[in-house]
There are 2 protein chains.
Amino acid sequence: MTLADEMEFLRKYDASQFERPSVTADIVVFTIMDNDLKTLLIKRGQPPFAGYWALPGGFVKMDETIERAAGRELEEETGVEPSEVYLEQLYTFGDPKRDPRTRVITVAYFALVVSSKIQPFVTGREGIKEVRWFSVHNLPDNIAFDHRKIIDYSLRRLKNKLEYTAVGLELLPSAFTLTDLQNLYEAILNEKLDKRNFRKKVLSMGILQPTRRYKKGVHRPALLYMFKRAKSTSTFKSVKFEREP
Amino acid sequence: MTLADEMEFLRKYDASQFERPSVTADIVVFTIMDNDLKTLLIKRGQPPFAGYWALPGGFVKMDETIERAAGRELEEETGVEPSEVYLEQLYTFGDPKRDPRTRVITVAYFALVVSSKIQPFVTGREGIKEVRWFSVHNLPDNIAFDHRKIIDYSLRRLKNKLEYTAVGLELLPSAFTLTDLQNLYEAILNEKLDKRNFRKKVLSMGILQPTRRYKKGVHRPALLYMFKRAKSTSTFKSVKFEREP
DNA sequence: ACAAAAGTGTTCCTAATACACCCATGA
DNA sequence: TCATGGGTGTATTAGGAACACTTTTGT
């Protein structure tokens, strides 16, 4: 049945029979803090799931794209401008019983933000809320709705995506050391990587540009790199780097 | 803003301000016919886009999952039971202007069906419609809405997926020759493959089981294979074979 | 016997892995 | 001078790509 047929059909019946679902955008925000991959959750004040932790999100307005809704909600919770965020649509969850009150279809996104750009205490229009960054490897048990499933899936997607894209760079400041980058990979994949092989691999991608600056610390200074934009002769097929769709 | 906050907020205002979008499921159905990858389009009778070709699809009912809606629409158009179809969520398209009449968010799916299971003349509840299978490499110019973009994206996804899953087997009958399988890959990827390398690769996956039967034709008979279910020691990481999410 | 599709191995090259030591600096 | 993290190379292995001939059958 095409859309047009359906519209035709619709006009012949009582509108209430064609009740529409609510549509929300929920965002799994990832950032690296303390060498660990964290995600943002908000404590719910009202039932259902009062006292449980939920993903940031909200209704999609009639005149905005879904991605824009996600970006807007994200900015409200983290203070990070949408232009400074990597935002990718994850999956649409639409089980009729996922919200006990009414039919809510949610389009889930995952976002990667640089932790230094987060403004620590941002308040929504309902005032201060309890908001926390949780290690993805140590999430609370009381997560609202199907949000645990959404987080798990986004983590899986992020891990996969690390293997064939440079998406990890979205979590680092503009200049970083190779050790920073390796720590990031290790935090996400939750496993140790070999230093020489890791360097060989990321350098062979040709997407990193060495600067002439060094990060000084207690010990030997480390060369800082930057992300090189517009690299054409990658070892990867170009399609893999595309942002969906 | 959390869902709960938003609900709270909602109660204070006129409901019309919180108009809800319509949600549809559209399906890109793929099948192999005449050694070519085809997709199903339906000619629209009414404006907008009267006379244009559109994807099968329709509204998601309040009490059904989105996937079920997609399966239902698919069955109406092809006569193939949902249990006999590979159905995977593709992406959700929500540009406010994608349908000129009203806000319609569509959750796009792609489906793989075995052509022999298709019932050639199925009619929807509006009567006989003009329905055609188009080669994906030769689509009409007049495609309605953003459906061309949806088809292109699903083709890209299918191509990618062929590389790391056994999803192509969903397009073949239960017993098939290696040449059948290779023709299928060539039709989808739109390129010729080396016979020896192809056989080496698919056999090394360990997902094919030789039968003792042969497909007879004009020339030398070809050994028939079947898909071997529940293969554990694959060369691929298990996550890759998972159906999302 | 011949036309046509089925079936089969080897070489080469690239990429992934495993693995251990010297270097530069600040304290 | 020493503790610490920064930085480097080589050998092995596995998988992908290029490439041509023999086998089996029906006509």
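Just so it is clear, the structure is predicted and the values come from calculations on it, not from any experiment. All chains are named by letter (A, B, ...) in the order of the sequence lines, taking the proteins before the strands, and each is independently numbered beginning at 1.
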key: Upstream residue (5' side of DNA chain D) when A/Arg220 and A/Asn197 are each assigned their closest nucleotide   =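 The residue whose closest nucleotide sits nearer the 5' end is A/Arg220.
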Separation of [X] atom [atom1] from [N] atom [atom2], in whole Å?
| X | N | atom1 | atom2 | result |
| --- | --- | --- | --- | --- |
| B/Leu223 | D/dT24 | CG | C1' | 13 Å |
| A/Phe176 | D/dG6 | CZ | P | 15 Å |
| A/Glu163 | C/dA15 | CD | P | 17 Å |
| B/Met205 | D/dA14 | CE | P | 19 Å |
| B/Lys215 | D/dG26 | NZ | C1' | 16 Å |
| B/Lys192 | D/dA17 | NZ | P | 17 Å |
| A/Lys216 | C/dA27 | NZ | C1' | 15 Å |
| A/Leu203 | D/dT8 | CG | P | 8 Å |

inquiry  = Checking contacts here: which listed nucleotide (D/dC19, D/dT25, C/dG7) is nearest the side-chain heavy atoms of B/His219?
reply    =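 That would be D/dT25.
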query = Taking for each residue the nucleotide of DNA chain C bearing the nearest heavy atom, is the 5' side occupied by A/Val218 or by A/Asp194?
reply =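 Checking each residue's closest nucleotide, the 5'-ward one belongs to A/Asp194.
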Spell out yes or no: do the side chain of [X] and the base of [N] have one donor N/O and one acceptor N/O closer than 3.5 Å?
| X | N | answer |
| --- | --- | --- |
| B/Lys201 | D/dG16 | no |
| A/Lys195 | D/dG7 | yes |
| B/Arg196 | D/dA18 | no |

key: side chain to side chain donor-acceptor pair (under 3.5 Å), paired with B/Asn197, selected from B/Lys200, B/Arg199, B/Lys201, B/Lys195   =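 Of the listed options, the one satisfying the test is B/Lys200.
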task = Give a yes/no answer on whether the side chain of A/Thr179 brings an N or O atom under 4.0 Å of OP1 or OP2 in D/dG6.
result =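 It does, given that an N or O in the side chain of A/Thr179 lies less than 4.0 Å from OP1 or OP2 of D/dG6.
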inquiry  = Check the phosphate of D/dG7 against A/Arg199, side-chain N and O only, distance under 4.0 Å to OP1 or OP2. Yes or no?
reply    =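 Answer is yes, contact under 4.0 Å.
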task = Give a yes or no answer on whether the side chain of A/Arg44 reaches the backbone of A/Ala144 with a donor-acceptor pair at less than 3.5 Å.
result =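 No, A/Arg44 side chain to A/Ala144 backbone: no donor-acceptor pair under 3.5 Å.
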ask   = Would you say B/Asp180's side chain and B/Thr177's backbone share a donor-acceptor pair under 3.5 angstrom?
value =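 Yes.
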ask   = How is A/Lys200 classified with respect to the nucleic acid when contacts are heavy atoms under 4.0 Å: base, sugar-phosphate, or nothing?
value =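 Answer is base: heavy atoms of A/Lys200 come under 4.0 Å of a base.
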task = Determine the contact category for B/Leu178: base if any of its heavy atoms lies under 4.0 Å from a base atom, sugar-phosphate if only primed atoms, P, OP1 or OP2 are that close, otherwise nothing.
result =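 Here B/Leu178 touches no strand at all.
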message = Which heavy atom of A/His137 sits nearest to which heavy atom of A/Ala187, and what is that distance?
response =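 A/His137 and A/Ala187 have their closest heavy atoms at CE1-O, 2.9 Å.
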request  = Take the angle between the ring planes of A/Tyr91 and A/Tyr153 and call it parallel below 30°, perpendicular above 60°, tilted in between.
outcome  =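 Rings of A/Tyr91 and A/Tyr153: perpendicular, as their planes differ by over 60°.
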